[in-house]
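Here's the structure we're looking at; comments come further down.
Each chain gets a letter, A, B and so on, in the order its sequence line appears, and its residues count up from 1. Please read all numbers here as calculations on a predicted model, not as lab measurements. FYI, side chains are in, hydrogens and waters are out, and symmetry mates aren't considered; it's all heavy atoms of this structure.
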There are 2 protein chains.
Amino acid sequence: MPTSDLLPAEGRASATREAILGACERLFMQHGHEATSLRQIAREAGVNLAAAHYHFGSKEALIQAVLKRRLAALNDRRIAALDSLEREARGAPLKPSHIVDAFFGTLLRMADGPQGPEGRNVLALLERTMTDPASFVHAFISREYMPVIDRFRDALFRALPDVPREEIVWRFQFMLGATSYAIVGPHALYRAAGLGQHDTPPQRTEDDTRLLLPRLMSFLMGGLRAPLPEHSPP
Amino acid sequence: MPTSDLLPAEGRASATREAILGACERLFMQHGHEATSLRQIAREAGVNLAAAHYHFGSKEALIQAVLKRRLAALNDRRIAALDSLEREARGAPLKPSHIVDAFFGTLLRMADGPQGPEGRNVLALLERTMTDPASFVHAFISREYMPVIDRFRDALFRALPDVPREEIVWRFQFMLGATSYAIVGPHALYRAAGLGQHDTPPQRTEDDTRLLLPRLMSFLMGGLRAPLPEHSPP
DNA sequence: GTCTATATCATGATAGAC
DNA sequence: GTCTATCATGATATAGAC
């Protein structure tokens, strides 16, 4: 099946191509890609069913194209931010908070970018991808995401030379999880539970969006700098 | 054996019923429920295709039964732990670390319970459920999970009277995410990327399991007690 | 390049014999 | 309770007309 990206031109931008990608983002975000059929995609995009196959070759390739478009933009900005930090430091170790901000802050700031509120949803889609069970999604993440994670992890190694690397690896994982749930927000479950039953505002407010990054950064840095657990003997 | 019930009976335990539930756990955990067909389930369980419908009525009901069995056990232990804490405190506010341990520690300790290493995987399944896009899963979580989360959140409100409740709500969300990713572990992506390409052990070690809870608790408490973000004016 | 029409197959669900 | 047989539907994918 790995015979797809020969003819339909990898980076080409046609109108229907973009419509399909946009429809995919909306539908995948809402129902996940497993529960989204090509028929729904074609209907939502206002194009023919066969167009998806013509432009992308298969559903798997389409999903990867959807993910790649956003993840590549995100990771380019992350790498640029880290490059900038390292350039300014001139060989000196970076501040951990700056590294964390270059990784997670860049992620959250994309939500306030030109694409507006839609950006937030795309990020939720990306984060959900991290825990997707499909093997090809897993392989995609490893290929497209891991090199970036490795660079930031190495930066943290150098910035925190006293902390065992294992601990940093784990705490980076914890930070990824906290950020993933931060993007979804605590109101999703309340919304599903029905309005008015709980004492938490069921709708995301302006403050939530504005304060999300400082809130998350406080939490992440508190966790990253927490005292190390005492090693209990085996 | 006079096991003749009129209806398939909600809490009844037949041999095939249990076989189906076990097969579901394994398959859902590996591929997610969207990508798992009733035929695969029947094959894995060694039962007939129609048995699933006879015992559970529909695929949705089956999924809910799978989730409910584990989530109910987990939440019963959580509530028991919190009850015990409050009983011993005799009205005094609880220590935040005890509340956090009663919620997240109870979750992780289930992995070392009688079901052995299988327990860990079931927990990964449960955590994945939290971000499932399917509406009936969402509704299920709201119904079965939210009351417990609310109780623990209220306990944190009382234990941290100086912290604005909004902040606690958000930090609880961050803790949920960190724990979710803790259960999956940082090696999942490395494994998919191919062995030996990175400098992190690709396999989960004994230490990882033994040290996971202290590692996570350090991180969670560091995040929970972190200085509050300064409120920037609107 | 785009769409119509269709091929091929897997899915969830059900009816009825045993 | 369990099985076989089958249904209607919807899935991905393709061949070929415009």
Side-chain angles (χ1 to χ4, degrees), chain A residues 1-24 27-28 30-67 132-137, chain B residues 1-24 27-28 30-67 132-137:
Chain A
M1 302 60 173
T3 66
S4 48
D5 48 5
L6 238 179
L7 306 173
E10 181 63 22
R12 202 72 188 84
S14 85
T16 67
R17 215 188 125 93
E18 289 302 308
I20 291 172
L21 288 175
C24 276
L27 291 171
F28 289 173
Q30 234 174 339
H31 309 112
H33 61 82
E34 295 279 10
T36 303
S37 70
L38 291 177
R39 283 176 164 81
Q40 294 174 34
I41 294 168
R43 201 182 321 130
E44 171 85 14
V47 304
N48 189 271
L49 170 60
H53 280 101
Y54 173 77
H55 283 283
F56 299 95
S58 73
K59 193 186 176 185
E60 280 197 9
L62 172 56
I63 295 169
Q64 296 195 39
V66 171
L67 297 178
D132 196 292
S135 63
F136 76 95
V137 175
Chain B
M1 291 205 272
T3 62
S4 40
D5 263 355
L6 283 177
L7 315 172
E10 180 64 23
R12 204 73 190 86
S14 86
T16 67
R17 216 188 123 93
E18 289 302 308
I20 291 172
L21 288 174
C24 276
L27 291 171
F28 288 173
Q30 233 174 340
H31 309 111
H33 61 82
E34 295 280 8
T36 303
S37 68
L38 291 177
R39 283 174 168 81
Q40 293 174 33
I41 294 168
R43 202 184 319 128
E44 170 85 12
V47 303
N48 189 271
L49 170 60
H53 279 101
Y54 174 77
H55 283 283
F56 299 94
S58 73
K59 192 186 178 186
E60 279 198 8
L62 172 57
I63 294 169
Q64 296 196 38
V66 170
L67 297 179
D132 197 293
S135 63
F136 76 95
V137 175

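- If you take CD on E44(A) and CD on Q30(A), they are separated by 8.0 Å, rounding to the nearest 0.5 Å.
- Candidate nucleotides dG10(D), dT14(C), dT11(C) were compared by shortest atom distance to the side chain of Q40(B), and dT11(C) ranks first.
- Regarding R17(B), its CZ atom lies at a distance of 16 Å from the C1' atom of dT2(D), rounded to whole Å.
- Following rounding to the nearest Å, H53(A) (NE2) and dA11(D) (C1') show an atom-to-atom distance of 10 Å.
- Atom P of nucleotide dT14(D) and atom CG of L38(A) are separated by 12 Å, given to the nearest angstrom.
- Taking 3.5 Å as the limit, the base of dA10(C) and the side chain of R39(B) contain no donor-acceptor pair of atoms between them.
- The side chain of N48(B) lies closest to dT4(D), out of dT14(C), dT4(D), dA13(D).
- At whole-Å resolution of the value, CG in L49(B) and C1' in dC3(D) are 10 Å apart.
- Rounded to the nearest 0.5 angstrom, D132(A) CG and F28(A) CZ are separated by 10.5 Å.
- Taking atom CD1 of I20(A) as the reference point, atom P of dC3(C) lies 9 Å away to the nearest angstrom.
- Rounded to an integer number of Å, the gap from E60(A) CD to dT12(D) P is 11 Å.
- Here the CD atom belonging to E34(B) is positioned 8.5 Å from the OG1 atom belonging to T36(A), to the nearest 0.5 angstrom.
- Here the side chain of S37(B) is nearest to one of dA13(D), dG12(C), dA13(C), namely dG12(C).
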For a side-chain hydrogen bond (donor to acceptor under 3.5 Å, both in side chains) check, start with the C-alpha distance between T16(A) and H55(A), then their side-chain angles and the critical distance, and finish with the verdict. CA-CA 9 Å; T16(A) 67; H55(A) 283 283; 2.9 Å; yes
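- Taking the side chain of Y54(B) as heavy atoms from C-beta on, and the options dT12(D), dT14(C), dG1(D), the nearest nucleotide is dG1(D).
- To the nearest angstrom, P of dA10(C) lies 11 Å from CZ of R43(B).
- Rounding to whole angstrom units, CD of residue E34(B) and P of dT11(C) are separated by 13 Å.
- Taking the side chain of A50(B) as heavy atoms from C-beta on, and the options dA13(C), dG12(C), dC3(D), the nearest nucleotide is dC3(D).
- Of the candidate nucleotides dT11(C), dA13(C), dT2(C), dT2(C) has the atom lying nearest to any side-chain atom of T16(A).
- At distances below 3.5 Å, not a single donor-acceptor pair connects side-chain atoms of K59(B) with backbone N or O atoms of S37(B).
- If you check every strand for non-hydrogen atoms under 4.0 Å, A51(B) touches nothing.
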